Amino acid sequence: MRTSQYILATLKETPSDAEIISHQLMLRAGMIRKLASGLYTWLPSGLKVLRKVEQVVREEMNKAGAIELLMPVIQPADLWEESGRWEQFGPELLRINDRHNRPFALGPTHEEVITDLVRKEINSYKQLPINFYQIQTKVRDEVRPRFGVMRAREFTMKDAYSFHMTEECLDNTYQRMHKAYCNIFERLGLDYRPVIADTGSIGGSVSHEFHVLAESGEDAIAFSDASDYAANIEKAEAVTPSEVRPAPSKELNTFDTPEAKTIEELKTKHGVKAHRGVKTLIVYGASDENGERGLVALIVRGDHELNELKAEKLSLVDSPLEMAKEEDIVAAIGARPGSLGPVGLDMPIIVDRSVDVMADFVAGANKDGVHYSGINFDRDVTDYTVEDIRNVVEGDPSPCGNGTLHIKRGIEVGHIFQLGSKYSEAMNAGVLGENGKNQIMTMGCYGIGVSRIVAAAIEQNNDKFGIKWPKTLAPFELAIVPMNMHKSHRIPDIAERLYSEFQDAGVDVLFDDRKERPGVMFNDMELVGIPYTLVIGERNLDENKVELKNRITGEKLMLDIDSAVAEITKAIKA
RNA sequence: CGGCGAUUAGCGCAGUUUGGUAGCGCACUUGGUUUGGGUCCAAGGGGUCGCAGGUUCAAAUCCUGCAUCGCCGACCA
């Protein structure tokens, strides 16, 4: 490709609405352009990278025995009603009506469509297990799209769905997919981790996420330093410390705290250390038979955070979790948030495991501007239950029993689930078993955020000059940069000759034939992140040499013109 | 969904306080100059100042409403 016949579309200045480095570089390197919030056009260079990711994914899926197909983006509402997700999915499901006013959804995922296909096409246990996948555009009307293609409303996803007679068979395929995913992220040269995950709105039991480690990641991951335990923080169990609750040593006392509404203010204004106090969070309880929701108190240590996911899984708590409105709190308790506590509280009280082992602690007195000190369980608070409802923190013991937890940030690029029969049952997807009877199939599903991987790879591979693509992802394998080509005949002759020889050798080469100054070309090639740049200039031509620059190592090599094509091609294809 | 901020040429921004014919840099076009790391000089093209109302002799500027975009938050009691 010649730059003069291409659209490099590089930008000198960083567009002001790009926050993270991958978003800035994708815009500056001419990979994407925004159409509207969360909607992006892939420019030629960006598309080339996207296709390379797709190809790696496709090869590894095929190798793992999955079969490619392609399903529609537009899906009839009936299917979603059958699975129950038309109601359940919420506003993230973008709904449209056709000209006959029939309801449809733009597919955020394809469990319904594939289950419908399989129940019609697969009739016998002899055809199982089977695993279908597609690489396709997904639509999710995100609450807040951000970070460019990282969290977009329209994005490319690889989704696979497997069907089985037994749990064992599902587990088998699941492990195979787990391995295939590891292969994919390794081939893409990414620093990644598989972590134990929650199943979220997709449903099912066993689940792993694959995270690319990056500071800008939206998820927190907890790792053990002494085993391979790794979990999304929302799923990591906070293990009960071995310590036993000390005996009460203080009397229950009130003290005035008119200006202290937060743990931080209690600390600065009254010297209460965060881990000596507790936070009392009021949420709505599960609805009773009349559909009424009461209030429930959740209590975590002052220096801990409530884990919303753990909380909403408790039977007493409404799901999704919703914090009580201030007026409801005042009506029920007579005090406002900031002065709440468990003593004398007339509602179910759920305390975190780490609160259960506290003695003589501080909490609000359920009277505005007043706190208790010296609170002790079973003396001052008698009716409560103990649950794991907090996020793990750095230094917690690992739930696997080995080592200590550390927290890092990650970008979720893959997620695999053992779905069980959630969809197959709701949609009556069965086959005839060996015994001649109908049996509901068991399912697994496996997703990879293909477009997100492009951004995640940039987060991990950049410097102040731009993107440093790993060989497998670079939009071009080689750039030819002639110095002041229009000034001589030697330069263009050699550049043209090498360009065509590289093309014949099957190298994806970008020939920068613009009438630009050298600095402009160098900067563009570095910004775009092409792994090798071949510099052709008068300076070295008299010795019959050309210069090869490595974008990753910065290394410069002088090569004989006559052997350059063979040598470089060999290095690239290695 | 809540809070904050932004919206002026393709991009980055000034001008808005104090109303008076729309500016700068980059990019683009033309000519010249320069040539191994974002040359320099000159000339030029490009804007219903997000939209709709209002106030005024006069609105990018003041007022009202709306839209779009971004950030933060959506447990932190």
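Computed from a prediction, not measured in an experiment: that's the story for all the values here. Chain A is the first sequence line, chain B the second, and so forth, proteins listed ahead of strands; every chain is numbered from 1.
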What does [X] touch in the nucleic acid at a heavy-atom separation under 4.0 angstrom: a base, only the sugar-phosphate, or nothing?
X	result
A/Val143	base
A/His23	nothing
A/Leu321	nothing
A/Asn366	nothing
A/Arg336	nothing
A/Glu526	base
A/Leu281	base
A/Val535	base
A/Asn540	base

Between [N] atom [atom2] and [X] atom [atom1], what is the distance in whole Å?
X	N	atom1	atom2	value
A/His304	B/rA77	NE2	C1'	17 Å
A/Asp17	B/rG70	CG	C1'	7 Å
A/Arg490	B/rU35	CZ	P	17 Å
A/Asn484	B/rG38	CG	P	12 Å
A/Ile491	B/rG36	CD1	P	11 Å
A/Arg539	B/rU35	CZ	P	14 Å
A/Asp352	B/rC76	CG	P	17 Å
A/Arg33	B/rA27	CZ	C1'	12 Å

Pairing partner (Watson-Crick or G-U wobble, both distances under 3.5 angstrom) of [N]:
N	value
B/rG19	none
B/rU34	none
B/rG25	B/rC11
B/rC4	B/rG70
B/rA77	none
B/rG53	B/rC63

Using distance alone, with no hydrogens and no angle criterion, decide if [X] and [Y] have a side-chain donor and acceptor under 3.5 Å apart.
X	Y	answer
A/Glu459	A/Ser22	yes
A/Asn232	A/Asp198	no
A/Thr257	A/His270	no
A/Ser373	A/Asn253	no
A/Asp328	A/Tyr284	yes

I'd like to know whether A/Tyr6 forms a ring-ring contact (aromatic ring centres under 6.0 Å, His included) with A/Phe511, so could you lay out the CA-CA distance, the side-chain angles of the two residues, the decisive distance to 0.1 Å, and finally the verdict. CA-CA 10 Å; A/Tyr6 189 63; A/Phe511 177 19; over 10 Å; no

Interatomic distance at [atom1], [N] relative to [M], whole Å:
N	M	atom1	value
B/rU21	B/rC26	C1'	26 Å
B/rC51	B/rA59	P	15 Å
B/rC69	B/rG36	C1'	42 Å
B/rC13	B/rU7	P	9 Å
B/rG45	B/rG3	P	47 Å
B/rC1	B/rU16	P	35 Å
B/rU48	B/rA43	C1'	28 Å
B/rU61	B/rG20	C1'	11 Å

Taking the side chain of [X] as heavy atoms from C-beta outward, which of [options] is closest to it?
X	options	value
A/Arg146	B/rG12, B/rC69, B/rC71	B/rC71
A/Ile329	B/rA77, B/rU35, B/rC75	B/rA77
A/Arg153	B/rG38, B/rG36, B/rC69	B/rC69
A/Met483	B/rC71, B/rC13, B/rG36	B/rG36

For [X] and [Y], work out which heavy atoms get closest and say how close.
X	Y	result
A/Met358	A/Gly277	CE-O, 3.7 Å
A/Met525	A/Ala479	SD-CB, 3.6 Å
A/Ala18	A/Leu27	CB-CD1, 3.8 Å

Check each residue of residues 513-523 of chain A for a non-hydrogen atom within less than 4.0 Å of any atom in RNA chain B, then write out the ones that pass by number, or none.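 Nucleic-acid contacts, sorted: A/Arg517, A/Pro518, A/Gly519, A/Val520, A/Phe522, A/Asn523.
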
With a 4.0 Å limit, can you tell me whether [X] has a side-chain N or O closer than that to the phosphate oxygens OP1/OP2 of [N]?
X	N	value
A/Arg144	B/rC72	yes
A/Lys12	B/rG12	no
A/Ser37	B/rU68	no

Kindly indicate whether the side chain of A/Glu305 and the base of B/rC75 share any N or O donor-acceptor pair separated by less than 3.5 Å?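 By the distance-only test, yes, there is a pair.
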
Base B/rG25 paired with A/Glu13 side chain (donor-acceptor, <3.5 Å):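 Checked by distance alone, the answer is yes.
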
Do A/Asn366 and A/Leu340 have side chains that get closer than 4.5 Å, going by heavy atoms?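 Yes, close enough: below the 4.5 Å cut-off.
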
When you match A/Asp524 and A/Thr280 each to their closest nucleotide on RNA chain B, which lands nearer the 5' end?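 That would be A/Asp524.
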
Assign the ring pair A/Tyr384 / A/Phe377 to parallel, tilted or perpendicular, where the plane angle (0 to 90°) is split at 30° and 60°.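 Answer is tilted, since the angle falls between 30° and 60°.
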
